[in-house]
Amino acid sequence: MDYKRMIADTVRLDGVSAQEIYEMLVPPKDSANGDYCLPCFKFAKQLRTSPIEIARRIAQETARVAALSKVEAVAGYVNYTLDKTMLAAQVLDRVLAQGDAYGASDQGAGKTVCIDYSSVNIAKPFHMGHMLNTAIGAALYRLYAKLGYRVVGINHLGDWGTQFGKLIVAYRKWGDPALVESSGVRGLLDIYVRFHKEAEQDPALDDQARAAFKAIEDGDPEAVALWNRFKDITMREVERTYARLNVRFDSYAGESFYNDKMQPVLDDLRAQGLLEYSDGAQIVRVGDDMPPCLLVRADGATLYATRDLAAAFYRKRTYDFDRCLYVVAYQQNLHFRQFFGVLERMGEPWAQDMVHVAHGMVSLEDGAMSTRSGHVVTLEEVLDKAVEKARGVIADKSPDLQDKDGVAEQVGVGAVVFGMLYNARIKDMVFSFDKCLNFDGETAPYIQYTYARCNSVLAKAGQSECEPDYRGLDNPEAAQLIRLLDRYPQTLVEAARKYEPCIVSRHLVDVAQAFNKFYFEHSILQASPAEREARVRLVRATRHVLASALDLLGIGKPERM
RNA sequence: GUAUCCGUAGCUCAGUUGGAUAGAGCGUCAGACUCCGACUCUGAAGGUCGCAGGUUCGACUCCUGUCGGGUACACCA
């Protein structure tokens with residue numbers, strides 16, 4: 001039942017529709033003012049009446065709406081307070097009936113969303129910058145799936161380009177097959193870094209690298225075999241990391257996949273007369289406020305944008321998406337505006353369904369990360385340190401815990417992932433181990449602790465046949481918690497609409513905080529049987545919402561910790 | 001230079017299509033475990049919302065300008 005609707009339908013104001021009223025009913029900032037409020041200032045001019053008088057009249061009209069325990073006109077606002085016991089009964093019934101599926105919806109039924117995220121580079125380490133990208137993309141993936149969309153997760157592998165020529169040259173010169181096999185990406189990175197260092201002294205190396213890449217392009221068996229080997233080594237490692245993060249992809253079609261799919265797009269552009277020559281290169285103009293999009297180099301080679309264009313057409317054809325998201329750092333803002341602009345000029349109606357979900361950059365305290373110079377913090381070492389720290393806390397505080405290693409993994413990895421998803425995605429992040437390994441306050445361990453605490457209470461509560469008496473929840477702490485549980489579904493919708501996982505994480509923290517306050521102020525198991533049942537139901541509902549949100553963010557849920 | 005994003009407490013950040021006295025965590029200080037898990041909870045201190053105009057009954061929120069910072073700007077991805 002929709003209380004806002006009931007109130008809105010009862011209001012009679014000349015020239016104002018129930019829908020307008022409905023949309024104006026908002027939760028007051030201070031919940032002491034009630035559950036909803038209606039500011040009446042807007043009506044004053046057209047009704048030629050003071051907001052105070054209008055509020056008074058509306059308050060009178062709507063006072064008879066059932067389920068309201070209080071209606072008050074205050075300083076031009078009408079404040080509505082819902083009957084706490086009725087609200088509690090309704091919200092808890094709804095949450096408990098749906099369980100962990102609470103918050104799911106069918107808004108995406110029949111619709112497809114493609115999400116391009118993570119996009120690892122072959123032969124390069126998976127560092128904290130990729131972590132941010134991957135966490136955001138994976139959270140959006142699960143979020144859209146929860147809202148009923150068919151989601152296609154795409155890992156657009158960086159598996160093409162002259163760097164592979166460099167790697168081949170470096171590998172042939174300094175690579176020890178056995179060593180590279182055992183040291184993996186680290187070993188590949190080492191010879192890659194060495195290549196750059198030596199190429200400064202010996203420019204001939206760059207020519208050899210170009211030749212080696214050309215060999216891959218021309219299908220030279222030995223070069224292609226090496227290239228595949230680099231891919232295998234990288235993917236083996238990356239898959240291990242994805243498994244730890246519980247991240248999955250539906251497609252690994254990367255750059256090389258589109259090698260043979262660019263020409264038709266270029267032909268199409270040429271046929272439409274959009275492709276122009278400029279200084280020997282071929283470009284498409286996309287508007288006066290930005291530089292043209294460069295698609296073919298003077299030497300005939302294609303570029304990043306060409307591949308993205310081919311990929312877009314392929315995805316539209318293959319998945320028939322309703323929306324295609326690109327989770328990529330804001331550094332590439334211009335690139336996406338240009339690339340989307342080309343689609344628009346081609347008259348593709350779906351050009352407007354393309355979205356660059358831009359996020360901030362991760363840097364280190366002593367400057368930007370650089371793969372070439374080896375100045376990176378890899379995800380693996382961060383996760384390992386976090387898990388190690390979690391293990392220490394567990395040894396200290398829960399020495400009798402079962403499966404200490406499993407829980408430490410969930411807590412440590414969870415803390416890192418949550419740190420990536422806690423702020424608005426556009427924010428830059430200066431990585432530090434101190435901040436990343438913080439387990440206090442608004443962190444994953446805090447939420448996981450709350451979740452474990454719920455489990456503990458529920459285990460002790462056992463089963464009950466008793467009918468709940470919701471007067472046991474008629475207190476500010478329970479009311480606040482119930483309000484938050486009630487708003488969870490619309491929170492998910494908003495997070496998806498804005499492509500902002502942090503809206504989910506913030507709500508998750510709010511729920512955990514509200515629960516802990518309630519827990520501290522009110523005894524659950526010691527209450528009278530009927531009130532105890534009401535409170536146990538609240539704990540159970542809270543547990544469902546915590547579980548659901550943790551799942552969406554990709555954070556483990558230790559039953560105990 | 002042009003475009004674009006960011007600027008809110010000592011630090012890191014929230015702030016719901018413009019609404020009532022701008023919120024949280026960390027840190028600091030002071031408290032709460034004979035009681036359902038103290039990885040918890042309570043309280044205090046801390047703010048010209050970068051600055052200046054404008055729109056509005058009402059601006060952290062919208063517009064213009066300005067200052068500070070990030071990023072990008074043709075043959076890399």
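Reminder, nothing fancy here: chain letters follow the sequence lines and each chain counts from 1.
- Within 4.0 Å of A:Ala44, counting heavy atoms only, lies no atom of the nucleic acid at all.
- Annotation: cation-pi pair A:Arg453/A:Tyr519 present, NZ/CZ under 6.0 Å from the ring centroid and within 45° of its normal.
- Remark: the separation of the C1' atoms in B:A77 and B:U71 is 16 Å, to the nearest Å.
- Comparing B:A74, B:A14, B:C36 by their closest approach to the side chain of A:Lys427 singles out B:A14.
- Across every strand in view, B:A9 sits unpaired, with no contact that passes the Watson-Crick or G-U test at under 3.5 angstrom.
- At the heavy-atom level, A:Arg560 lies under 4.0 Å from base atoms of the strands shown.
- Under 3.5 Å, the side chain of A:Asp308 and the base of B:A77 form no donor-acceptor pair of N or O atoms.
- Pairing partner, B:U48: none, since no Watson-Crick or wobble contact has both distances short of 3.5 Å.
- Judged as a salt bridge (charged side-chain N to carboxylate O under 4.0 Å, His left out), the pairs with a partner in residues 19-36 of chain A (not counting sequence neighbours) are, in order, A:Asp35-A:Lys84, A:Asp35-A:Arg483.
- Nucleotides B:G65 and B:A20 have their C1' atoms positioned 31 Å apart, rounded to a whole Å.
- Across every strand in view, B:G53 sits in a pair with B:C63 that passes the Watson-Crick or G-U test at under 3.5 angstrom.
- Base pairing of B:G43 is made with B:C29, judged by Watson-Crick or G-U wobble geometry with both donor-acceptor distances under 3.5 Å.
- Taking every side-chain heavy atom of A:Pro39 into account, B:G19 is the closest of B:C5, B:G19, B:C36.
- Computed from coordinates, the A:Arg285 CZ to B:A74 C1' distance equals 12 Å when rounded to whole Å.
- Nucleotides B:C11 and B:G50 are separated by 14 Å at their P atoms, to the nearest Å.
- Under the 30°/60° scheme for interplanar angles, the aromatic rings of A:Tyr258 and A:His156 are found to lie parallel.
- The side chain of A:Tyr77 lies closest to B:G19, out of B:A72, B:G19, B:A77.
- Distance CG (A:Asn423) to C1' (B:G7): 15 Å, rounded to an integer number of Å.
- Per the geometry, CD belonging to A:Gln490 stands 11 Å off P belonging to B:U17, to the nearest Å.
- Both distances falling under 3.5 Å, in either a Watson-Crick or a G-U wobble arrangement, occur for no nucleotide opposite B:U16.
- Relative ring orientation between A:Phe433 and A:Phe431 is described as perpendicular, the plane-to-plane angle rising above 60° on a 0-90° scale split at 30° and 60°.
- Residue-level contact check: A:Pro51 touches neither bases nor backbone, having no heavy atom under 4.0 Å from any strand.
- A:Asp299 comes within 4.0 angstrom of no nucleic acid atom, judged by non-hydrogen atoms across all strands.
- Picking from B:C60, B:G70, B:C36 the nucleotide with the shortest atom distance to the side chain of A:Lys29 gives B:C60.
- Between A:Glu276 atom CD and B:A74 atom P the separation is 17 Å, expressed in whole Å.
- Ring to ring, A:Tyr304 and A:His335 are close: their centroids are under 6.0 angstrom apart.
- In this structure B:C73 sits in a base pair with B:G1, meeting the Watson-Crick or G-U test at under 3.5 Å.
- Nucleic acid contact class of A:Cys293 (heavy atoms, under 4.0 Å, all strands): none.
- Within 4.0 Å of A:Asn455, counting heavy atoms only, lies no atom of the nucleic acid at all.
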Inset, instruction - Before giving the answer on side-chain hydrogen bond (donor to acceptor under 3.5 Å, both in side chains), spell out for A:Asn455 and A:Arg543 the whole-Å C-alpha distance, their side-chain angles and the decisive distance to 0.1 Å. - result: CA-CA 7 Å; A:Asn455 283 325; A:Arg543 182 189 178 282; 2.4 Å; yes
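- Taking the ring centre of A:Phe164 as origin, the terminal cationic atom of A:Lys166 falls outside the region bounded by 6.0 Å and 45° from the ring axis.
- Annotation: B:A72 and B:U17 have their P atoms spaced 32 Å apart (nearest Å).
- Of the side-chain N and O atoms in A:Lys42, none sit less than 4.0 angstrom from OP1 or OP2 of B:G18.
- Taking atom P on both nucleotides, B:C57 is separated from B:U16 by 22 Å, rounded to a whole Å.
- Remark: B:G37 base-pairs with no nucleotide in the shown strands. Criterion, Watson-Crick or G-U wobble with two distances under 3.5 Å.
- Distance CG (A:Asp434) to P (B:C26): 15 Å, rounded to an integer number of Å.
- Cation-pi check for A:Arg5 over A:Tyr22 is met; the charged atom lies under 6.0 angstrom from the ring centroid and within 45 degrees of its normal.
- Rounded to the nearest Å, the gap between the C1' atom of B:A24 and that of B:A59 is 23 Å.
- For the C1' atoms, the distance linking B:A14 with B:G7 amounts to 15 Å, nearest Å.
- B:G25 sits 12 Å from B:A44 when the P atoms are compared, rounded to a whole Å.
- Taking atom OH on A:Tyr488 and atom P on B:U16, their separation rounds to 21 Å, with Å as the unit.
- Nucleic acid contact class of A:Ala298 (heavy atoms, under 4.0 Å, all strands): base.
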Short heteroatom pairs, N/O only, protein and nucleotides 39-45 of chain B, under 3.5 Å:
{"from": "B:C39", "atom 1": "OP2", "to": "A:Lys397", "atom 2": "NZ", "distance (Å)": "3.3"}
{"from": "B:C39", "atom 1": "O4'", "to": "A:Lys397", "atom 2": "NZ", "distance (Å)": "3.4"}
{"from": "B:U40", "atom 1": "O2'", "to": "A:Arg453", "atom 2": "NH1", "distance (Å)": "3.0"}
{"from": "B:C41", "atom 1": "OP1", "to": "A:Tyr446", "atom 2": "OH", "distance (Å)": "2.6"}
{"from": "B:U42", "atom 1": "OP1", "to": "A:Lys517", "atom 2": "NZ", "distance (Å)": "3.4"}

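- A cation-pi arrangement is not found for A:Lys70 relative to A:Tyr80, the charged atom failing to lie both closer than 6.0 Å to the ring centre and inside a 45° cone about the ring normal.
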